[in-house]
Amino acid sequence: MLEAGVCAVWSQLLAGRLQADASVSSPSSWPSQNFAKPGLSVFNLRVTSCVRVFAAPSNYAGAHLASYDYAPETKADLELAELPTVDLSKLDTDEGKREQARVLIDAVRTKDFFYVTWYAIAQERIDVQFGIGQKFYELSLEEKLKLEPDLESGDYNGYRPAGRRIVNERSGLKDRTEAYNIPKFIPHFAAKHAHYPPVIADNLTEIE
């Protein structure tokens, strides 16, 4: 659900021509207070390639949702993928921009996933997004299926239940991944935005 804000950074990085622009905040100009300690976030470009730059105010209205229990790191002996890291703190110099452009382009072309550091988003805001998502997926399957799009006509905005794809032909094992896509906040999708369940409708401003 993380979106918007630094879309211009990604598009310009991909083009390899990120220039000094007053409309795009640079790491050195980001305020330091109210931010969580710099950490890591993983982005898959199939889902989102943008993040919003902002900090949670002390009277943040979404604080009641900022409770999310992250799954612990596995202790299984697995071969983990080595993912590249896009470091937004290096965008202050031309060489840094070129370097991070190369990292991002390689990640998109060869890995599909990548880490982002120094994104300047308060952890509280991230937790709220995950909290909203968790509350949605806790709805009954009957409620969620009311939001299923017409996939055959190319509509992918809405709820897609698990089990639509066979991941192992020999055993017949189906996928266990459910997904809920919220369309862009533009007039074209006004009809979609008018039929959200309360957990989404009540938090639409925060999601947007």
Side-chain angles (χ1 to χ4, degrees), residues 1-19 21-25 41-57 60-62 64-66 68 86 88 101 104-105 107-109 111-114 116 119-122 124-165 175 177-208:
M1 289 188 186
L2 300 179
E3 52 157 340
V6 196
C7 295
V9 172
W10 297 129
S11 61
Q12 292 178 74
L13 269 174
L14 283 170
R17 59 172 186 269
L18 186 61
Q19 302 295 326
D21 187 336
S23 65
V24 179
S25 297
S41 283
V42 181
F43 291 84
N44 178 349
L45 286 185
R46 291 174 182 168
V47 179
T48 178
S49 60
C50 309
V51 294
R52 185 186 299 275
V53 177
F54 60 101
Y60 178 40
H64 67 289
L65 291 169
Y68 181 80
V86 176
L88 301 186
L104 181 59
I105 291 172
V108 173
R109 290 176 174 173
K111 303 293 186 182
D112 198 35
F113 290 86
F114 56 91
V116 175
Y119 45 79
I121 306 174
E124 187 178 35
R125 303 299 293 256
I126 298 174
D127 291 345
V128 165
Q129 296 293 322
F130 278 102
I132 294 171
Q134 180 173 338
K135 289 182 182 299
F136 170 80
Y137 288 115
E138 288 173 350
L139 295 175
S140 68
L141 181 60
E142 179 183 8
E143 285 296 310
K144 289 182 288 189
L145 285 176
K146 294 177 182 178
L147 303 167
E148 191 173 11
D150 183 2
L151 297 174
E152 298 302 323
S153 69
D155 183 4
Y156 291 94
N157 291 308
Y159 174 72
R160 285 179 285 171
R164 295 185 55 89
R165 183 170 59 93
D175 75 85
T177 303
E178 57 181 342
Y180 182 55
N181 291 329
I182 296 177
K184 295 179 179 180
F185 293 88
I186 58 177
H188 178 74
F189 294 113
K192 285 274 187 181
H193 293 307
H195 296 92
Y196 290 130
V199 65
I200 300 297
D202 295 346
N203 297 288
L204 205 56
T205 299
E206 175 61 30
I207 295 170
E208 183 179 1

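All of these numbers come straight from a predicted model, not from anything done at the bench.
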Rounded to the nearest 0.5 angstrom, the OH-CG distance for Tyr180 and Leu147 is 4.5 Å
| message | Are the side chains of Glu138 and Val199 in contact, using a 4.5 Å heavy-atom criterion? | response | no
So OH of Tyr137 and CD1 of Ile132: to nearest 0.5 Å the spacing works out to 12.5 Å
Sequence neighbours excluded, the answer for salt bridge (charged side-chain N to carboxylate O under 4.0 Å, His left out) partners of Asp175 is none
Value for CD (Gln129) from CG (Asn203), rounded to nearest 0.5 Å, stands at 9.0 Å
Would a 4.5 Å heavy-atom cut-off, applied to side chains only, mark Leu141 and Tyr159 as touching? yes
Notebook entry, point to check: How about Lys144 and Phe136: do any of their side-chain heavy atoms sit closer than 4.5 Å?
Noted result: yes
Heavy-atom side-chain contact between Asn181 and Arg160 under 4.5 Å: yes
- Can you establish whether the number of heavy atoms outside Glu142 located under 6.0 Å from its atom CD is more than 12? no
Treating His193 as the side-chain partner and Pro187 as the backbone partner, does any N or O pair qualify as donor plus acceptor under 3.5 Å? no
(message) Treating Lys192 as the side-chain partner and Pro183 as the backbone partner, does any N or O pair qualify as donor plus acceptor under 3.5 Å?
(response) no
Between Pro161 and Glu148, the two heavy atoms sitting closest are CD-OE2, 3.7 Å
dist Phe185:CZ -> Ile207:CD1 (nearest 0.5 Å) comes out at 6.0 Å
For Lys111, the salt bridge (charged side-chain N to carboxylate O under 4.0 Å, His left out) test, sequence neighbours excluded, returns none
Pro149 and Asn157 have their tightest heavy-atom pair at CB-O, 3.5 Å
